[in-house]
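Here is the structure we will look at, set down as structure tokens.
A quick note: this is a predicted structure, and the numbers were derived from the prediction, not measured.
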Amino acid sequence: MNTTKKTLFAQAMEQHKGIIYKIVNSYCQNKDDRQDLAQEILTTMWLAYDNYNNAYKFSTWMYRISLNVAISYYRKDSRREDKANEECIVKIADLSQEDESNEVVKQLYEFIGQLDKLNKAIMLLYLESESYESIANSLGISKTNVATRISRIKHTLKLQFETRDY
């Protein structure tokens, strides 16, 4: 095993570990499932690391792999998907700098947790300030599709917040 490759990979994972936290916490409610999914994501990234193209942002590459693995993970076991959708309040592990008691933020992530897999992935990337083009490339859909879905999701979220009187 190439020590330099291993070191570079470890540094990249440490720098961007928030991406993995966000994905696993968005797709898994159960702690064991989160750990399994994180391990599967890291294994897939390690195996694909030699194919990373420096012409693209590393975070975009990471999101693409993480989201694809997360979606595939739930296709394998429909029971797991049903469990995750039951009262899936999305808790982003990397929100330590923000006030986790902020009810509006908690509510936003609860609403996002109720979205289907693709829309959830779109919103996670959107909240990371990724461009529509970057989101489209990461998810393999058109930029127009991204814009349309974000607009519809924002409208739905706005209605949900209005009904909760925030």
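To the nearest 0.5 angstrom, Ile23 atom CD1 is 10.0 Å from Lys120 atom NZ. The structure places CD1 of Ile150 at 11.0 Å from CG of Leu157, a figure rounded to the nearest 0.5 Å. Interatomic distance, CZ of Arg64 versus CG of Leu125, reported as 11.0 Å (0.5 Å rounding). Distance CE/Met62 to CE/Met45: 4.0 Å, rounded to 0.5 Å.
Side-chain contact between Gln160 and Gln114 is present, with heavy atoms from C-beta onward closer than 4.5 Å. Put simply, the side chain of Asp33 reaches to within 4.5 Å of the side chain of Tyr73, judged on heavy atoms.
Remark: Tyr132 engages no residue in a ring-ring contact (aromatic ring centres under 6.0 Å, His included) (not counting sequence neighbours). Residues that satisfy the ring-ring contact (aromatic ring centres under 6.0 Å, His included) test with Phe58, not counting sequence neighbours, are His16, Tyr52, Trp61.
The hydrophobic cluster containing Leu8 also contains Ile41, counting ILVMFWY residues as joined when their side-chain heavy atoms lie under 4.5 angstrom apart, directly or transitively. A continuous path of Ile, Leu, Val, Met, Phe, Trp and Tyr side chains, each step under 4.5 Å between heavy atoms, connects Ile122 with Leu127, placing both in one hydrophobic cluster. Cluster annotation: Leu118 and Ile65 are assigned to the same hydrophobic cluster (Ile/Leu/Val/Met/Phe/Trp/Tyr, side-chain heavy-atom contacts under 4.5 Å, transitive).
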Should Leu67 and Lys117 be marked as a side-chain contact (heavy atoms from CB on, under 4.5 Å) after you check the CA-CA gap, both sets of side-chain angles, and the distance that decides it?
-> CA-CA 9 Å; Leu67 289 168; Lys117 294 171 196 157; over 6 Å; no

Check against side-chain contact (heavy atoms from CB on, under 4.5 Å), Gln39 and Gln35 | CA-CA 6 Å; Gln39 186 64 42; Gln35 289 175 339; over 6 Å; no

Quick one: do Lys22 and Tyr63 satisfy side chain to side chain donor-acceptor pair (under 3.5 Å)? Show the steps, please.
-> CA-CA 10 Å; Lys22 289 174 185 172; Tyr63 265 115; 4.8 Å; no

Pair Phe111-Ile153, side-chain contact (heavy atoms from CB on, under 4.5 Å): steps then yes or no = CA-CA 10 Å; Phe111 292 151; Ile153 294 166; over 6 Å; no

Can you list, pair by pair, the side-chain donor-acceptor contacts under 3.5 Å of residues 134-142, counting residues two or more places apart and other chains?
unit_1: Ser134; atom_1: OG; unit_2: Thr60; atom_2: OG1; d: 3.4
unit_1: Ser134; atom_1: OG; unit_2: Glu130; atom_2: OE1; d: 2.7
unit_1: Asn137; atom_1: ND2; unit_2: Glu133; atom_2: O; d: 3.3
unit_1: Ser138; atom_1: OG; unit_2: Ser134; atom_2: O; d: 3.0
unit_1: Ser142; atom_1: OG; unit_2: Asn145; atom_2: N; d: 3.0

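At distances below 3.5 Å, not a single donor-acceptor pair connects side-chain atoms of Ser151 with backbone N or O atoms of Ala147. A donor-acceptor contact shorter than 3.5 Å is absent between the side chain of Asn119 and the backbone of Leu115.
Side-chain polar atoms of Tyr49 and Lys6 form no donor-acceptor pair below 3.5 angstrom.
Judged by the 6.0 Å distance and 45° axis criteria, Lys5 is positioned over the aromatic ring of Trp46.
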